[in-house]
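Everything below concerns the one structure shown next.
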Number of protein chains: 2
Amino acid sequence: MSRRRESAVPEAATNRLSLILRALRVLEGEGVVTVSSGQLAERFSFHSAQVRKDLAQLGEFGVRGLGYRVSDLAENLQRRMGLAGVHPVVIAGAGHLGQALADATGFNSNGFRVVALFDDDRRKIGGKTRSGVPILDAARIEELLPALGADIGVVAVPGAQAGSAATALVRGGLKGLLNFAPTTVGPFPGVLVKNADLTLFLEGLAFQLHGTGAGS
Amino acid sequence: MSRRRESAVPEAATNRLSLILRALRVLEGEGVVTVSSGQLAERFSFHSAQVRKDLAQLGEFGVRGLGYRVSDLAENLQRRMGLAGVHPVVIAGAGHLGQALADATGFNSNGFRVVALFDDDRRKIGGKTRSGVPILDAARIEELLPALGADIGVVAVPGAQAGSAATALVRGGLKGLLNFAPTTVGPFPGVLVKNADLTLFLEGLAFQLHGTGAGS
DNA sequence: TACTGTGAAGTGATTCACAGCG
DNA sequence: CGCTGTGAATCACTTCACAGTA
């Protein structure tokens with residue numbers, strides 16, 4: 001997708017590591033002390049060697065003959081994945097999608113916190129989402145962003161406005177963009193853009209359903 | 001992710017084909033008659049050979065020395081991708097996410113149409129989304145689904161309820177599930193499940209930002 | 001012993017390069 | 001000539017298999 005010098009971690013591994021970290025937090029809560037690559041792999045039905053490779057990539061955390069110490073590994077993974085502190089997140093667009101994300105658990109825990117939404121609808125500006133995130137004036141994105149300290153921005157506006165919303169966020173100094181609009185935004189120098197076009201999921205599903213008899 | 005006899009089209013190609021089809025519709029609207037693999041590739045910055053391979057997989061639609069005839073190709077792609085007719089879609093969960101999807105253009109055009117949402121909130125049941133999609137009683141999913149004729153269901157409920165929502169949808173006879181909850185659902189025999197955990201996107205972004213200095 | 005970490009083999013997807021055709 | 005379709009080469013990811021160690 002984008003030519004970068006060293007791809008560090010091969011994209012697909014990212015998702016596995018996120019899943020593993022999530023599982024570790026559950027295990028930790030259950031008081032489990034150690035876990036093996038096989039046990040972790042089983043949960044998500046991928047191979048144990050894969051789990052070991054993924055984990056080894058970030059350092060040597062395992063204990064031979066035993067497995068991994070759950071809290072050690074969780075803490076290390078968290079740090080290595082950039083989830084050690086809290087990332088303030090801002091969302092452009094306070095429509096249904098924006099509000100869904102603003103109140104979503106995954107966007108307000110384990111390293112993330114939605115600090116503001118931006119919208120250009122007068123009736124929404126000044127209000128708050130159900131969980132209390134303020135909705136600010138989209139015209140002031142660039143001006144207000146620095147004070148919010150966010151490093152990640154989410155584009156949750158209709159496709160036609162995605163470009164300008166993204167530009168405003170980038171001008172405000174964000175380093176990462178998660179784009180839900182079905183439009184390609186950027187590239188912007190020095191900014192990482194990740195596209196999450198929800199329609200593609202639906203189309204992919206239809207395609208697979210059509211092609212095969214939807215096997216097990 | 002799921003063991004199937006023949007994987008038909010390699011998952012990643014699916015997304016490219018969706019994108020290409022979308023571009024073709026735009027070109028068609030602009031009255032463009034033919035387009036080459038190179039021109040299509042340029043738009044999304046992938047390689048022209050990749051585009052040709054992807055398209056060739058579905059049949060020989062190109063004209064040597066000329067390119068592809070836009071409307072021909074669009075129609076063929078549409079059919080081969082299972083987007084020829086209209087897929088009725090139902091959504092479990094009429095929260096912000098469910099309503100966002102119900103009113104999203106991509107879920108109500110080019111082969112899809114959201115025909116109903118299901119929720120267990122009394123205040124929502126009997127109502128409609130902004131664009132007029134009815135919200136029905138979640139307790140009656142199994143009973144009402146057959147009449148709706150939907151073949152694709154979307155799980156847009158909180159993680160804790162994802163399993164039961166998915167089960168109800170499958171019992172109602174759906175063949176494809178798009179799951180937005182951060183919980184693995186299924187597997188169900190004969191049903192295709194696609195997971196779209198939005199938190200993974202955010203975590204992936206944080207990971208990449210952390211690892212690299214967010215190169216161009 | 002039971003498990004990790006990892007080189008080597010295997011598999012799959014991407015890119016190259018060109019023959020073949022309108 | 002320009003562009004498609006595609007075998008061959010390359011590159012990337014996954015799985016295997018095992019040496020090494022608590």
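Just so you know, these numbers use all the heavy atoms, side chains as well, and skip hydrogens, waters and symmetry mates.
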For residues 73-88 of chain B, which side-chain N or O atoms pair as donor and acceptor with protein atoms under 3.5 Å away, sequence neighbours left out?
{"unit_1": "B:N76", "atom_1": "OD1", "unit_2": "B:R79", "atom_2": "NH2", "d": "3.0"}
{"unit_1": "B:N76", "atom_1": "ND2", "unit_2": "B:D72", "atom_2": "O", "d": "3.2"}
{"unit_1": "B:R80", "atom_1": "NH1", "unit_2": "B:L58", "atom_2": "O", "d": "2.8"}
{"unit_1": "B:R80", "atom_1": "NH2", "unit_2": "B:L58", "atom_2": "O", "d": "3.2"}
{"unit_1": "B:H87", "atom_1": "ND1", "unit_2": "B:D151", "atom_2": "OD1", "d": "3.4"}
{"unit_1": "B:H87", "atom_1": "ND1", "unit_2": "B:D151", "atom_2": "OD2", "d": "3.0"}
{"unit_1": "B:H87", "atom_1": "NE2", "unit_2": "B:G82", "atom_2": "O", "d": "2.6"}

Taking B:N108 for the side chain and B:R113 for the main chain, is one N or O donor matched with an acceptor at less than 3.5 Å? no

Reported OG1-to-CD distance for the pair B:T14 and A:E203, which is rounded to 0.5 angstrom: 10.5 Å

In whole angstrom, what separates A:Q50's CD from C:dT4's P? 14 Å

Hey, what do you get for OH (A:Y68) to CG (A:L55), rounding to the nearest 0.5 Å? 4.5 Å

List in numerical order all residues of residues 15-39 of chain A for which some heavy atom is under 4.0 Å away from an atom belonging to DNA chain C. A:S36, A:S37

Look at the side chain of A:S45 and the backbone N and O of A:E42, then say whether any donor-acceptor pair between them is shorter than 3.5 Å. no

Give the rounded distance in Å between these two atoms: CZ of B:F61 and C1' of D:dC3. 17 Å

Would you say B:L198 and A:F180 make side-chain contact, with heavy atoms under 4.5 Å? yes

Indicate whether the side chain of A:T34 and that of A:R69 have a donor and an acceptor atom separated by less than 3.5 Å. no

Give the rounded distance in Å between these two atoms: NE2 of B:H47 and C1' of D:dC3. 17 Å

Would you compute the distance between atom CD of B:Q50 and atom CZ of B:R52 and round it to the nearest 0.5 angstrom? 10.5 Å

Base-contact (B) and sugar-phosphate-only (S) positions in nucleotides 17-22 of chain C, heavy-atom cut-off under 4.0 Å, - elsewhere: B--BBS

Side chain to side chain donor-acceptor pair (under 3.5 Å) involving B:R22 - partner list, sequence neighbours excluded: A:D197

Does A:S36 offer a backbone N or O that forms a donor-acceptor pair with the side chain of A:Q39 under 3.5 Å? yes

How many angstroms lie between CZ in A:F112 and CG in A:L101, if you round to the nearest 0.5 Å? 12.5 Å

Between D:dT6, D:dT4, C:dG5, which nucleotide has the shortest distance from any of its atoms to the side chain of B:A56? D:dT6

For A:Y68 and C:dT4, give me the distance from atom OH to atom C1', rounded to whole Å. 6 Å

Residue that, paired with A:V185, satisfies side chain to side chain contact (heavy atoms under 4.5 Å, CB included) out of A:T167, A:V155, A:N179, A:V191: A:N179

Could you list by number each residue of residues 70-77 of chain B showing a heavy-atom separation from DNA chain C of less than 4.0 Å, or answer none if no residue does? none

Rounded distance in Å - CG (A:D54) to P (C:dT6): 13 Å

Rounded to whole Å, CZ of B:F46 lies from C1' of D:dC11 at a distance of 19 Å

Is a donor on one side and an acceptor on the other found under 3.5 Å between the side chain of A:N15 and the backbone of A:E11? no

Are there any protein N/O atoms within less than 3.5 Å of an N/O atom in nucleotides 8-12 of chain C, and if so, which ones and at what distance?
{"unit_1": "C:dA8", "atom_1": "N6", "unit_2": "A:K53", "atom_2": "NZ", "d": "3.4"}

Give, for atom CZ of A:R25 and atom OG of A:S109, the distance between the pair rounded to the nearest 0.5 Å. 7.5 Å

Protein-nucleotide distance (B:E11, atom CD; C:dT14, atom P), rounded to Å: 11 Å

Spacing of A:R69 atom CZ relative to C:dC3 atom P, expressed in whole Å: 14 Å

